[in-house]
Visitor: 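Below is a structure I'd like to ask you about.
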Amino acid sequence: MSAKFKEYRGLDLSQVNKDVLKEWEANQTFEKSVTSRKGNPTFVFYEGPPSANGMPGIHHVISRSLKDIVCRYKTQQGFEVNRKAGWDTHGLPVELGVEKSLGITKEDIGKKISVAEYNAACRKDVMKFTGKWKDLTHKMGYWVDMENPYITYDNKYIETLWYLLKELYNKGFLYKGFTIQPYSPAAGTGLSTHELNQPGCYRDVKDTTCTAQFRVVKNEASEFLYNDVEGELFFLAWTTTPWTLPSNTALAVGPQVTYQKVKTFNPYTGKPVVVVLAKNLVSAYFNAKNADVSFDDYQPGDKKVPFEVMEEEFTGKDLAGVSYEQLIPWIKPDGDAFKVIVGDYVTTEDGTGIVHIAPTFGADDDRVAKAAGIAPLILIDKDGKQNPMVDKTGKYFLIKDLDADFVKNFVNLDAYMEYAGRFVKNDYDEKLTEKDHTLDVDISVMLKLENKAFRVEKHTHNYPHCWRTDKPVLYYPLDSWFIKTTAVKERMMELNNTINWKPESTGTGRFGKWLENLVDWNLSRSRYWGTPLPIWRTEDGKVEKCIGSVEELVTEIEKAVAAGVMDKNPFGDFKAGDFSKENYDKVDLHRPYVDDIILISEDGEKMFREPDLIDVWFDSGAMPYAQMHYPFETEKEDGSQLVFPADFIAEGVDQTRGWFFTLHALGTMLFDSVAFKNIISNGLVLDKNGNKMSKRLGNAVDPFETIEKFGSDPLRWYMITNAQPWDNLKFDQNGIDEVKRKFFGTLYNTYSFFALYANVDGFTGQEEQVAIEERPEIDRWVISLLNTLIKEVTESFESYEPTKAGRAIQNFVTENLSNWYVRLNRKRFWGGEYSKDKISAYQTLYTCLETVAILSAPIAPFYMDQLYKDLTTVSGNNALESVHLTMFPKADESKIDKALEQRMLYAQDISSMVLALRRKESLKVRQPLQKIMIPILDKEFHDQVEKIKDLVLSEVNVKEMEFLTDTKGVLVKKIKPNFKALGPKYGKMMKQIAAFVNQMTQEDIALIEKDSKINATINDETVELSIEDVEIMSEDIPGWLVASEGKLTVALDINVTEDLKQEGIAREFINRIQNLRKDSGFDVTDKIILKIQKNEAINDSVINYKDYIASQTLAEELNLVDSCNETEGKLVEIDTNVETYICVSKKA
RNA sequence: AGUCCUGUAGCUCAGUUGGUUAGAGCACUACACUGAUAAUGUAGGGGUCCGCAGUUCAAAUCUGCGCAGGACUACCA
């Protein structure tokens, strides 16, 4: 144990960061922080797995800081907090990264490169940035077990996923369905809604849109429409995707919408037509200015097209059932089609009020078509499978890829050939650029020529794009496996209400609304690198089997081998019940190995694996179970069990529909429980101008550089205290710098001050504690505040509000501890005897510093650990190896003295006012003054101020304080209505009462003070105002220099007597001498010999205050001399035009 | 398009149950202090509390309608 407190020559937080890291590593502090809590209650934390194939950014620092703060805090509260790191390893980002680096596309997988090789590449690639992640985690001081992480591609991890899938399957939550889904031809996979909801997916794009004319078939059903119509009658329908028009099989109308016929000409062909559209939208298609244009004068090509709205009106219901001719007769649908149907979602907000229906390319379309018995436009491919008109690469089917019989019976080859093989979006064809005509344009032009297009124009609309390939998404019919989350929707909402969300609005609003509009979770992904769906099916799909463990799979394979379906069992070496790594290394549950496994049904039919992978969000949402290899290695004899649910998780708000959702869904469906009880969802990190950070814009902040430059502590402190974590953070390096100077600099200075003098006096912290009641007022004050602080910080951390905790600590350190306590007590520390009072001061300051270190440790783990150790290794109190092993202090209510805190506020205010008065009169603080006077409002106030009298006097350098009780009326008073008291009583009369009070004279005030009431006449009514209804304060004391603020008024005697003048001069001397000492490089404790050259203006002062000067400057001798040797002496200015020489020499 | 969040000094943020002089830090200006000194103190300037309307004796605060920014949701053609 060293006897001296360590003194530093500067504060380098970046270096502290490095030093403390080394110690943690050497001492295994993190491990100890967990093991030392063994046997205590646990606090369960789940780490959301990042994907290690991307670089960590500054935004990762904020969510990881939040996690770390809570976990460290809970550890300090005595909980055992295990923290297992994890890696998200599957999924599209990895695959696309590999495709890019190998220079291949999805089409090439299985051809140019085997699936096995491809997946091996993914496995390798996904972990490429783990080094960087570990490094950042380490440097930023995020304590999490990186040595034993869970990895989602691990066989054991996958085995748990299979187990869970089987559980869901057995509960009937897993089903196969066909729906229209977002599909990315470029990525070759369907996209889940969460993927589609990645930021930036919806973008404004300008597309060619087309309002097409659908010719009404004249028959019995449509006869009523043909009333008064000569020639051709059309329905108008608008689409933003003209490429879906060949797949049209119906038109939808709103059942309540009113429609009208309009007689006009087709603007492109000039042919006379009658068109049907919603009444509300007539004006959108026909300019009222053209209403008078003559039909007779119209020539094809004229810009102004005449029109006439026919009076007859129809509702959507009337139109339902009317047939129309196929718009683009390339391919015949197999079944009923080309009829008007009703759709409840049809509105007249845009388009024509008649909606083109292509059931193969729209979810709503599919739904209403099915309901009306309308067939979709289906193609049969050469494998005999049903398809929409567009293949999976995003182009119209080539004839060669279709079934020959189908082509013969359903396809109009002459018309279709020209368009077969065309990509529906230019983005899908690498050979096409933006300049090339899109299919939309070509089809629109074709329709124009055929008198089938009524209007063609560019239109900007919002369209979803694939989050990885940036290319537009297609809505496409896909076979998929779903989890029936809708079945537990109500329960999920109920359970969600029990979760403590920070901020609350994310839980009730964003997450709650999402749950209200829940759809089934689409689990399928048609890719390669991911968790395979463990379902095997017979070819006809009638028998299926869901596999829930490796053991079960091995057993099933044995059956297949026995039946001769498989040659041998590829997983034959696997030993059931052996959970060693070696055993699990014998199998690989990924593709292509599982694809090669053929099982056999009870009836002896072959069963093949459903080729899909599962959504990666299932991987991460299942981490509570899979990280422990549930249930295989939990709930065993050794007592290990599932750690569930979490007490706490934290991630970015962008995870709301991702991880937060999948955790919650699985927790609800599998265990009928929440998966987490408390959650902080943090906002985004933006650049200092509020823009999103991106590599492209070059405004991304590198976390490594930032930590290297500033150290992690100020970075963490800044991120946490600058704004609430759920608000977006406008990241500004100047903010870190400010935190460093303001908070860490001040704290460091305070410690340095303490260490300097403690070492001089030999204070070690081992001294017997001075009883709190024996300590001076100011010590008890700061200790009171300290305990208030402990309370506040604890409450803030407990309610997951680290921002409040950090701000409270910072305020205490900079305002109360440094700026008031230390500043006012400097004299107690330097000079003078090593008395009880001095020890009390040291002990008080020591306690504050140590407590601040412990309170702040969760947020600033590095510097606080150093500070803590610098203090405790000397004192031996509470001397644990690290601050992170300590217990959080408990507030001692008995030490909290609110009255004391209040009167210290008075002291601060009075001092500040006196200093302001001095400034006004240009009276230096070094010049002592005789008296201040304070009018007394009540006894309590008097008692309070009396107690801090000395403090104030020394702070402002004044000799005495006089209390004025106003009996003689020397005070000028001010009176104000007390609105809070008057409001409820008088309501509407407030304005008049306020006016009455404001015009009260000094006599009136005296009266109300005497009688405690006064009568006011308001609107001929007499109102009795009591003393409680007003606030009275003194404002002025005639003849004195007065300052007044709120309730306080202070008067200052500015008369400088000869005596005061002399004392002032003495203090000037002390100041000059101290400066000389310092300039000469003397030690604080060095004794000196002083000579001062005589000067009329100062002689008396030096003689009268000789002892005072000597004691303050540690002068053994002090003499006035006739002349100081000029080389030895220094010329100093004592007062305006008063100069003399001083000689300072060290005593031998 | 809908939902949610945010909007207070040049910048970053506080602002309790509505109560009458709207605060702090940074930055700026001036002054002071000088044994915590790459600190510190005091004072000053700087505000349409996004706008409008309403409720109320009283609105930064509550309500409604807008505006701006952000996030999220969404294939309405």
Side-chain angles (χ1 to χ4, degrees), chain A residues 10-11 180 182 193 196-197 199 202 209 211 237-241 244 251-252 343 345-347 349-358 361-365 461-464 473-475 503 505-506 508-510 512-514 517 653-654 656-657 683-684 686 688 690 692 721-724 726-728 730 732 734-735 737-738 741-742 745-746 748-754 756-757 807 810-811 814-815 818-819 822-823 826 829-831 912 915-916 918-920 922 924-926 976-984 986-994 1046 1071 1074-1075 1077-1078 1082 1084:
Chain A
L11 179 62
I180 307 298
T193 35
L196 211 53
N197 292 336
Y202 280 83
T209 67
T211 302
W238 180 56
T239 180
T240 55
T241 52
T244 61
L251 291 174
Y345 64 97
V346 177
T347 66
E349 271 164 35
D350 45 20
T352 62
I354 303 176
V355 178
H356 142 65
I357 299 291
F361 297 114
D364 283 335
D365 301 29
H461 64 140
N462 218 267
Y463 198 82
V473 155
L474 230 48
Y475 288 86
S505 62
T506 301
T508 55
R510 188 178 288 193
K513 289 270 156 56
W514 163 257
N517 301 315
V653 70
D654 50 330
T656 309
R657 271 86 175 187
L684 302 176
L686 308 170
K688 65 176 170 186
K692 216 165 184 174
T721 59
N722 183 64
Q724 294 283 10
W726 37 87
D727 291 335
N728 289 347
K730 287 184 196 162
D732 187 355
N734 294 329
D737 215 40
E738 190 181 322
R741 281 203 333 270
K742 199 80 197 142
T746 306
Y748 160 80
N749 269 334
T750 307
Y751 168 79
S752 300
F753 174 85
F754 166 81
L756 177 67
Y757 290 105
R807 284 176 176 171
Q810 180 161 335
N811 184 57
T814 57
E815 294 308 312
S818 167
N819 189 23
V822 172
R823 197 161 54 80
R826 276 177 296 188
F829 292 94
W830 76 63
S912 156
L915 291 171
R918 295 188 80 115
R919 191 184 112 64
K920 224 183 257 171
S922 301
K924 290 181 171 184
V925 179
R926 266 202 298 272
K976 257 172 57 180
N978 178 354
F979 288 96
K980 212 165 183 172
L982 286 165
Y986 299 108
K988 293 200 174 173
M989 293 165 74
M990 279 299 289
K991 278 202 178 108
Q992 284 112 314
I993 294 177
N1071 166 251
Q1074 299 286 31
N1075 285 345
R1077 285 183 58 119
K1078 199 174 158 201
F1082 291 0
V1084 182

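These values consider heavy atoms only, across backbone and side chains, with no hydrogens, waters or symmetry-generated copies. Every chain is numbered from 1 and lettered A, B, ... according to where its sequence line falls, protein lines coming before strand lines.
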Visitor: Could you work out the separation of B/A24 and B/A1 based on their P atoms and round it to a whole Å?
Guide: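 One P to the other, the span is 42 Å.
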Visitor: If I take atom CZ in residue A/Phe753 and atom C1' in nucleotide B/U37, what distance separates them, rounded to the nearest angstrom?
Guide: 13 Å
Visitor: Would you kindly give the CG-to-C1' distance between A/Asp737 and B/G25, to the nearest whole Å?
Guide: 14 Å
Visitor: With rounding to the nearest 0.5 Å, note down the distance linking CG in A/Asn749 to OG1 in A/Thr814.
Guide: 12.5 Å
Visitor: Write down the distance separating the P atoms in B/U20 and B/G64, rounded off to the nearest Å.
Guide: 25 Å
Visitor: Please measure how far the C1' atom in B/G2 lies from the corresponding atom in B/U21, and state the result in whole Å.
Guide: 43 Å
Visitor: To the nearest Å, how far apart are A/Leu684 CG and B/G69 P?
Guide: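 Nearest whole value for this atom pair: 17 Å.
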Visitor: Taking atom P in both B/G66 and B/A30, what distance in whole Å separates the two?
Guide: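 Per the computed distance, 50 Å lies between those P atoms.
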Visitor: Roughly how far apart, to the nearest Å, are B/A27 and B/C11 at atom C1'?
Guide: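 Approximately 8 Å lies between the C1' atom of B/A27 and that of B/C11.
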Visitor: Can you measure A/Tyr748 atom OH to B/U40 atom P for me and round it to whole angstrom units?
Guide: 14 Å
Visitor: For A/Ser818, give me all partners under side chain to side chain donor-acceptor pair (under 3.5 Å), at least two apart in sequence or on another chain.
Guide: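 Here no residue qualifies.
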Visitor: Does A/Arg741 or A/Thr506 map to a spot on RNA chain B nearer the 5' end, using the closest nucleotide for each?
Guide: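 On the 5' side of the pair lies A/Thr506.
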Visitor: Scan every strand shown for a Watson-Crick or G-U wobble partner of B/A53, both distances under 3.5 Å, and answer none if you come up empty.
Guide: B/U63
Visitor: Run the salt bridge (Lys or Arg N to Asp or Glu O under 4.0 Å) test against A/Arg826 and tell me which residues pass, sequence neighbours left out.
Guide: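 None.
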Visitor: Which part of the nucleic acid, if any, lies within contact of A/Arg823, taking any heavy atom under 4.0 Å across all strands shown: a base, the sugar-phosphate backbone alone, or nothing?
Guide: base
Visitor: From the set B/A36, B/U73, B/G25, return the single nucleotide nearest to any side-chain atom of A/Glu738.
Guide: B/G25
Visitor: With a 4.0 Å cut-off on heavy atoms, is A/Ser818 in touch with a base, just the backbone sugar-phosphate, or nothing at all?
Guide: base
Visitor: To the nearest 0.5 Å, what is the distance between CG on A/Asn978 and CD1 on A/Ile993?
Guide: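 Output value for this atom pair is 12.0 Å.
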Visitor: Looking at A/Asn722, is its backbone amide N or carbonyl O close enough to the side chain of A/Arg807 to form a donor-acceptor pair, meaning the two atoms are under 3.5 Å apart?
Guide: yes
Visitor: A/Asn728: which residues meet the side-chain contact (heavy atoms from CB on, under 4.5 Å) condition with it, sequence neighbours left out?
Guide: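 So A/Asn728 forms a side-chain contact (heavy atoms from CB on, under 4.5 Å) with A/Leu684, A/Leu686.
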Visitor: Could you tell me how far B/C4 sits from B/U63 if I compare only their P atoms? Round to whole Å.
Guide: 12 Å
Visitor: Scan every strand shown for a Watson-Crick or G-U wobble partner of B/U3, both distances under 3.5 Å, and answer none if you come up empty.
Guide: B/A71
Visitor: Check every strand shown and say whether A/Leu756 touches a base, only sugar-phosphate, or nothing at a heavy-atom separation below 4.0 Å.
Guide: nothing
Visitor: Who are the ring pair (Phe, Tyr, Trp, His ring centres under 6.0 Å) partners of A/Phe361, not counting sequence neighbours?
Guide: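 With sequence neighbours excluded, A/Phe361 shows a ring pair (Phe, Tyr, Trp, His ring centres under 6.0 Å) to A/Trp243, given in chain and number order.
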Visitor: Please report the distance, rounded to the nearest Å, between CD in A/Gln810 and P in B/C26.
Guide: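 The answer, rounded to whole Å, is 10 Å.
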Visitor: List every contact pair, protein side and nucleotides 11-13 of chain B side both N or O, where the distance is under 3.5 Å.
Guide:
{"unit_1": "B/U12", "atom_1": "OP1", "unit_2": "A/Lys730", "atom_2": "NZ", "d": "3.2"}
{"unit_1": "B/U12", "atom_1": "O2'", "unit_2": "A/Asn722", "atom_2": "OD1", "d": "2.2"}
{"unit_1": "B/U12", "atom_1": "O2'", "unit_2": "A/Asn722", "atom_2": "ND2", "d": "3.1"}
{"unit_1": "B/C13", "atom_1": "O3'", "unit_2": "A/Arg807", "atom_2": "NH2", "d": "3.4"}
{"unit_1": "B/C13", "atom_1": "O2'", "unit_2": "A/Arg807", "atom_2": "NH2", "d": "3.1"}

Visitor: Could you check which nucleotide pairs with B/A22 in any of the strands shown, counting Watson-Crick or G-U wobble with both distances under 3.5 Å?
Guide: none
Visitor: Write down the distance separating the C1' atoms in B/G69 and B/C31, rounded off to the nearest Å.
Guide: 41 Å
Visitor: What distance, rounded to whole Å, do you find between the two P atoms, one in B/U16 and one in B/U8?
Guide: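 One P to the other, the span is 16 Å.
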Visitor: Just how far, in rounded Å, is C1' of B/A74 from CH2 of A/Trp514?
Guide: 11 Å
Visitor: Specify the separation, in whole Å, of atom CG of A/Asn819 and atom P of B/U40.
Guide: 9 Å
Visitor: List, with names and distances, any nitrogen or oxygen atoms from the protein found under 3.5 Å away from nitrogen or oxygen atoms belonging to nucleotides 56-59 of chain B.
Guide:
{"unit_1": "B/C57", "atom_1": "O4'", "unit_2": "A/Gly987", "atom_2": "O", "d": "2.9"}
{"unit_1": "B/C57", "atom_1": "O4'", "unit_2": "A/Lys988", "atom_2": "N", "d": "3.4"}
{"unit_1": "B/C57", "atom_1": "N1", "unit_2": "A/Gly987", "atom_2": "O", "d": "3.2"}

Visitor: Could you tell me which non-hydrogen atom of A/Tyr748 sits nearest to which non-hydrogen atom of A/Gly10, and how far apart they are?
Guide: OH-N, 3.0 Å
Visitor: If you look at every strand shown and take non-hydrogen atoms under 4.0 Å, does A/Ser752 touch a base, only sugar-phosphate, or nothing?
Guide: nothing
Visitor: Can you tell me the distance, in whole Å, between the NZ atom of A/Lys742 and the P atom of B/A39?
Guide: 11 Å
